[in-house]
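Residues take their numbers from the sequence shown, with the count starting at 1.
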Amino acid sequence: MIRGQLITVDDTATTILQRGGEVLFVPNDQVRSKTLCPEPIRTGKSRITVRGWAIDESALEWVAPTRQVTDVDPRCLGRPLRPR
C-alpha cells in the first residue's frame with residue numbers, strides 16, 4: 001500500500017508525493033485500487049470570530065462549508081481492508 005498526496009494521473013502513470021517528500025511514479029497497470037481520503041482535521045482553531053465566523057477559516061469555507069465525513073475508508077487510516 002502506498003499512501004501520499006496525489007499529484008497527477010496520466011495515461012501511463014500515477015504520480016504520488018509521500019510524506020517525506022519522495023515522489024513516486026507508479027505505472028497505471030500496477031495500480032489495483034485508489035481511495036481518496038478527506039483532509040485531516042485541523043487542530044488548534046482560534047476562538048476569535050468576526051460576525052460569527054472563525055478568523056482562521058477562508059472565505060470559501062464560510063460561504064460553502066464542507067459536509068462532515070462520518071464513515072472514513074479504513075485505508076485512509078492506514079489499515080488494510082478485510083478480505084470479503
Taking side chain to side chain donor-acceptor pair (under 3.5 Å) as the cut-off, I'd like each qualifying pair that reaches into residues 13-25, sequence neighbours left out, listed once.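 Listed by first then second residue: Thr14-Asn28.
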
Residues in side-chain contact (heavy atoms from CB on, under 4.5 Å) contact with Asp10, at least two apart in sequence or another chain: Thr12, Ala13

Test of understanding: with side-chain hydrogen bond (donor to acceptor under 3.5 Å, both in side chains), list the residues that count as partners of Thr35, not counting sequence neighbours.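 So Thr35 forms a side-chain hydrogen bond (donor to acceptor under 3.5 Å, both in side chains) with Arg75.
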
By the rule that ILVMFWY residues connect when side-chain heavy atoms come within less than 4.5 angstrom, directly or transitively, which residues belong alongside Ile7? Leu17, Val23, Phe25

Who else is in the cluster with Leu6 when I, L, V, M, F, W and Y are joined by side-chain contacts under 4.5 Å?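 Taking Ile, Leu, Val, Met, Phe, Trp and Tyr as members, Leu6 shares its hydrophobic cluster with Val9.
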
Calculate, to the nearest 0.5 Å, the distance between atoms CG and CD1 belonging to Leu24 and Ile2 respectively.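 Spacing of CG (Leu24) from CD1 (Ile2) equals 5.5 Å.
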
